[in-house]
Amino acid sequence: MDFLAALAILLVTAKSIEWLFERVGIHPIIAHVLTGVVLGPFVLGVIEPTEQLSVLAEFGLIMMMLYMGLTSNFSAIAQNTKKAVVVAVLGVAFSFILGFTTVEFFDKGTSAAIFVGVTLGNTAIEVTSGVLVKERVKREISSILIGAAFVDDILAVYLIGIITAMAKGSLDALSLGILTVKIFLFIGATLLISEFVFKRSRWFYSIVKNLNVFFTFTLILTFALAIIAEKVSLNQIIGAYLAGLTISRLRERKDPLVVTRIKLNELIEDLQVVLTEFFIPLFFIYVGLMFNPPLARISLALIGTLYLAAVLGKLLGCGLGSRLFGLSWKDSILVGIGMGGRGSLELAILTFGLNTGLIDQTIFASVIVVSMMTALTTPLFFKTYIKRAKA
């Protein structure tokens with residue numbers, strides 16, 4: 001099929017399904033992935049995952065990571081720093097253990113088990129934020145949820161670096177130590193520069209005032225950090241995310257006229273239209289197009305067990321983390337439920353794992369289904385639990 005015709009069919013179908021799903025409160029990511037699955041080789045075979053679509057999807061992934069960084073609030077964990085960090089770390093740890101154990105039990109290989117454990121460790125901040133927008137919860141709980149989801153993103157950046165090293169076959173004790181130092185030096189240096197450039201410097205004010213210049217600067221910084229990240233043996237999406245995160249620190253700038261915040265919000269609004277309506281959906285559609293496991297190798301038992309591992313990992317880890325700081329069991333369970341959603345970053349990691357041969361189509365397809373199920377059920381569980389708690 002002609003490239004432009006395929007692109008038009010994919011986008012129109014995806015946005016139509018998204019519109020229908022939004023009416024019943026289903027996350028747009030599910031609509032986009034489902035479009036690729038249905039129109040791709042797995043179901044109808046109308047459209048193939050071509051090289052041209054792959055390039056657009058890769059660009060969409062970089063832009064998605066930039067957008068995630070821009071919409072992150074670096075100071076979100078300031079009020080409950082210790083709680084957010086402990087909740088996030090325990091949630092990642094429990095999810096990793098349960099995910100790793102599940103894949104090992106089904107005899108899929110240690111590398112695949114490590115990969116799945118890492119993938120299940122992350123919480124989709126977009127799902128958590130969506131839940132909080134729709135439901136009224138205590139300020140302390142919402143602060144912990146947003147803070148912990150943010151810490152999850154930082155941990156994911158580190159774990160993506162480890163996965164990249166795994167793909168290159170260079171992960172022993174010494175190289176892991178060197179990689180860890182490189183990752184934290186890169187993150188630390190980038191955030192340190194952001195402290196003095198985006199938060200404090202006066203000369204940057206002139207760039208921010210002109211929205212066109214600000215937009216161009218944002219793209220240059222994104223690609224520059226993506227290239228640097230790749231040059232130091234990390235993943236380019238780490239650089240893209242950090243570019244957005246550093247620019248988001250403009251929210252912390254002391255500005256009596258609030259010009260920087262206004263311009264940052266204008267930048268995000270301008271980017272949101274082209275990214276959320278075109279580039280980001282294309283990435284998720286392409287993930288769906290790549291979904292093509294042999295029917296005989298699809299294991300409902302594996303999918304069901306991985307789903308339980310994903311839900312219980314966050315429920316136990318984040319719930320116990322909250323309980324350690326004196327929250328009631330009711331509030332602790334609510335935090336554990338709220339942290340259960342998976343989404344965009346997991347799909348990015350999965351795509352990388354499939355392309356580099358760390359996982360096969362069976363694992364790829366299974367974890368995609370699990371991610372979609374958590375994105376679908378987390379808001380339902382959260383809403384139901386709040387109603388029962390109030391009753």
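Source: prediction; values computed, not measured. Note that these values count all heavy atoms, side chains included, but never hydrogens, waters or copies made by symmetry.
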Minimum-distance pair of heavy atoms, taken over all atoms of Leu90 and Gly321: CD1-CA, 3.6 Å

From Phe284 atom CZ to Ile368 atom CD1, the distance as rounded to the nearest 0.5 Å: 10.5 Å

Thr374 side-chain N/O to Ser371 backbone N/O, donor-acceptor pair under 3.5 Å: yes

Path from Phe215 to Ile220 over hydrophobic side-chain contacts below 4.5 Å: no

Carboxylate-amine/guanidinium proximity below 4.0 Å for Arg297 and Asp360: yes

Single-linkage hydrophobic cluster Val213~Ile247, side-chain heavy atoms < 4.5 angstrom: yes

Exam field: side chain Gln361 to backbone Met290, donor-acceptor pair closer than 3.5 Å: yes

Thr102 side chain vs Leu98 backbone, donor-acceptor pair below 3.5 Å: yes

Atom pair OG1/CG of Thr276 and Leu271 - distance to nearest 0.5 Å: 10.0 Å

Between CD1 on residue Ile141 and CG on residue Leu327, distance to nearest 0.5 Å: 6.0 Å

Check: Gln272/Glu277 side-chain N/O donor and acceptor closer than 3.5 Å: no

Flag if over 12 foreign heavy atoms under 6.0 Å of CZ, Phe105: no

Ion pair check, Asp152 and Lys314, cut-off under 4.0 Å: yes

Within-4.5 Å side-chain heavy-atom neighbours: Leu376 and Ile30: yes

Side-chain heavy atoms of Phe382 within contact of Leu145, under 4.5 Å: yes

Geometric class of the Phe279/Phe59 ring pair [parallel <30°, tilted 30-60°, perpendicular >60°]: perpendicular

Thr246 side chain to Ala243 backbone, donor-acceptor under 3.5 Å: yes

Leu10 backbone acceptor or donor facing Thr13 side chain under 3.5 Å: no

Cluster check Val274, Leu70: I/L/V/M/F/W/Y, side chain < 4.5 angstrom: yes

Any donor-acceptor N or O pair under 3.5 Å, side chains Thr351, Tyr286: no

Heavy-atom closest contact (Gly317 atom, Phe94 atom, distance): CA-CD1, 3.5 Å

